[in-house]
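Notes for the one structure printed next.
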Amino acid sequence: MPPIHPDTLRGQRALVTGANSGIGAAVARALAQAGARVAINYVVNPEAAEQLVREIRAEGGEAMALEADVSDEGQVQRMFQNMIDAWSGIDILVANAGLQRDAPFHEMTLAQWNKVLEVNLTGQFLCAREAVRAFLRQGINPKLSCAAGKIICMSSVHDIVPWAGHVNYATSKGGVLMFLKSLAQEVAEHRIRVNGISPGAIRTPINRSAWETAEAEADLLTLIPYGRIGEPMDIGRAAVWLASDASDYVTGTTLYVDGGMTLYPGFREGG
Ligand code: BGC
C-alpha cells in the first residue's frame, strides 16, 4: 500500500467517535497520518483511547482523547465544546460510534432495540448537528479546505443488505443512509459535505465470531467476491479521501468498501 500523504489534511481538526477500537481507531490513525489533528472519542475503555493518543503522538501527530456517550445530548455538546476550546474549531467529523445487540426478532427486547437506535442513529444526529453548527459559525477557510466542513457517517453494507437476527442494527444503518442524504441536501449550499462509508466484513472485535475460526472465516469468504476479509485501514483510507479536497464534488453519497459483498455473490452461479 502506498503511504498516506501527510499534507492531505494538513492543519485540519477531526473528531472521530468510537475511535478507541476497530474501524474508528484505524480512521483516527489514517487521518493523523494525513496530517490532521485528531480527537479520539470513547465511552468505555479510556486506556485504549489514551494508548492510541500516545501512538499518534509518537508518530509525530497531534491527538487528544474525549469521553462522551454519543447518544447523550449534554455529553455530546460538552465534547464539541472541549474540542473547539482546545483547537479553536472542527473541520471533519467521522460519526463512527456504533454497536450491535443481536437477537432473534421474537426475543429482541425493547432495551436492545433502543440501545442500537440510540447509539447508531441518534448518536449520528447529535454529533452531526453540533458539527454543522460549528461549520456554519466558522465558514470556509480556504487555507484548510474548499469546504466549510466534512461529515462522514459510518454505516454498513446492512444499510441496503437485510440481516436476519440483526433487525435493530440493519434498521439503524438504513436510517443512517437516508439521514446522510437528507442532511447533505440541506447543507450543501453552505459547502458542507456529508457522505457515508458502508464497510463490509472488516476484521474488528464487533464481528470476531465471524472470522476467528478457520471454519467461520471460510463461511464469511463465500460472501466476499474479492476473497479477503477487510482490514480496518481499508476504511481509514476511504475516510481520508472523503475528508479531503480530492473528493470536493462528492456529497450525499455512500462509498461501499466491502470487497464486493453488495454484489449479490449468491448469483455467481445460478440465477
Ligand atoms: C457488522 C459486522 C458484519 C458486517 C458484514 C457490519 O456492519 O457490524 O458484524 O460482519 O457488517 O456483514
Side-chain angles (χ1 to χ4, degrees), residues 16-28 41-45 48 70-71 94-105 108 112-124 127 152-181 195-239 242 253-268:
V16 184
T17 65
N20 59 344
S21 81
I23 287 174
V27 168
N41 159 259
Y42 66 96
V43 65
V44 288
N45 199 355
V70 295
S71 67
V94 183
N96 166 81
L99 46 75
Q100 292 181 211
R101 292 288 181 271
D102 308 327
F105 188 69
M108 189 173 285
Q112 287 171 322
W113 171 267
N114 281 343
K115 182 75 180 170
V116 170
L117 270 289
E118 280 164 15
V119 173
N120 296 10
L121 188 55
T122 305
Q124 296 221 359
C127 292
I152 299 169
C153 297
M154 202 57 70
S155 186
S156 164
V157 290
H158 298 297
D159 57 15
I160 54 168
V161 177
W163 206 15
H166 311 259
V167 171
N168 48 358
Y169 182 83
T171 302
S172 72
K173 295 302 188 178
V176 168
L177 182 69
M178 192 47 77
F179 167 74
L180 76 89
K181 281 179 189 282
N195 291 291
I197 298 178
S198 287
I202 309 298
R203 199 186 300 278
T204 70
I206 209 173
N207 59 2
R208 183 180 298 282
S209 62
W211 49 261
E212 80 182 335
T213 67
E215 205 188 351
E217 177 164 356
D219 263 3
L220 183 56
L221 287 175
T222 65
L223 297 175
I224 309 174
Y226 204 63
R228 70 169 173 86
I229 297 176
E231 298 301 331
M233 260 304 165
D234 289 316
I235 308 303
R237 287 170 180 277
L242 280 176
T253 200
T254 294
L255 195 55
Y256 287 84
V257 185
D258 68 348
M261 199 174 225
T262 42
L263 298 176
Y264 296 97
F267 278 78
R268 277 178 291 193

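Counting starts at 1 for both ligands and their atoms, following the listed order. Heads up: numbering here begins at 1 and tracks the sequence. Side-chain atoms are counted along with the backbone in the values below, which use heavy atoms only and exclude waters and symmetry mates.
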Sequence neighbours excluded, the answer for side-chain hydrogen bond (donor to acceptor under 3.5 Å, both in side chains) partners of Asn168 is none
Please name all residues satisfying side-chain hydrogen bond (donor to acceptor under 3.5 Å, both in side chains) with Tyr256, sequence neighbours left out, ordered by chain then number.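 Result, side-chain hydrogen bond (donor to acceptor under 3.5 Å, both in side chains) vs Tyr256: Asp159.
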To which protein heavy atom is atom 3 (C) of ligand 1 closest, and what is the distance rounded to 0.1 Å? Trp163 CH2, 3.8 Å
Identify the protein heavy atom lying closest to atom 4 (C) of ligand 1, giving its residue, its atom name and the separation to 0.1 Å. Gly200 O, 3.6 Å
Proximal ligand 1 atoms for Asn207, defined as those under 4.0 Å from one of its heavy atoms: 2 (C), 9 (O), 10 (O)
Using a 4.0 Å cut-off to any heavy atom of Ser156, which atoms of ligand 1 qualify?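 Heavy-atom distances to Ser156 below 4.0 Å select 6 (C), 7 (O), 11 (O).
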Atom 5 (C) of ligand 1: which of Gln100, Met154, His158, Lys173 has the nearest heavy atom?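 Ranked by closest heavy atom to atom 5 (C) of ligand 1, first place is His158.
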Which of parallel (below 30°), tilted (30 to 60°) and perpendicular (above 60°) describes His158 and Trp163? parallel
Check whether any side-chain N or O of Thr17 sits under 3.5 Å from a backbone N or O of Asn96 as a donor-acceptor pair, and report yes or no.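 Yes, because the side chain of Thr17 sits within donor-acceptor range (under 3.5 Å) of the backbone of Asn96.
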Determine yes or no for a side-chain-to-main-chain donor-acceptor pair under 3.5 angstrom, with Asn207 supplying the side chain and Ala210 the backbone. no
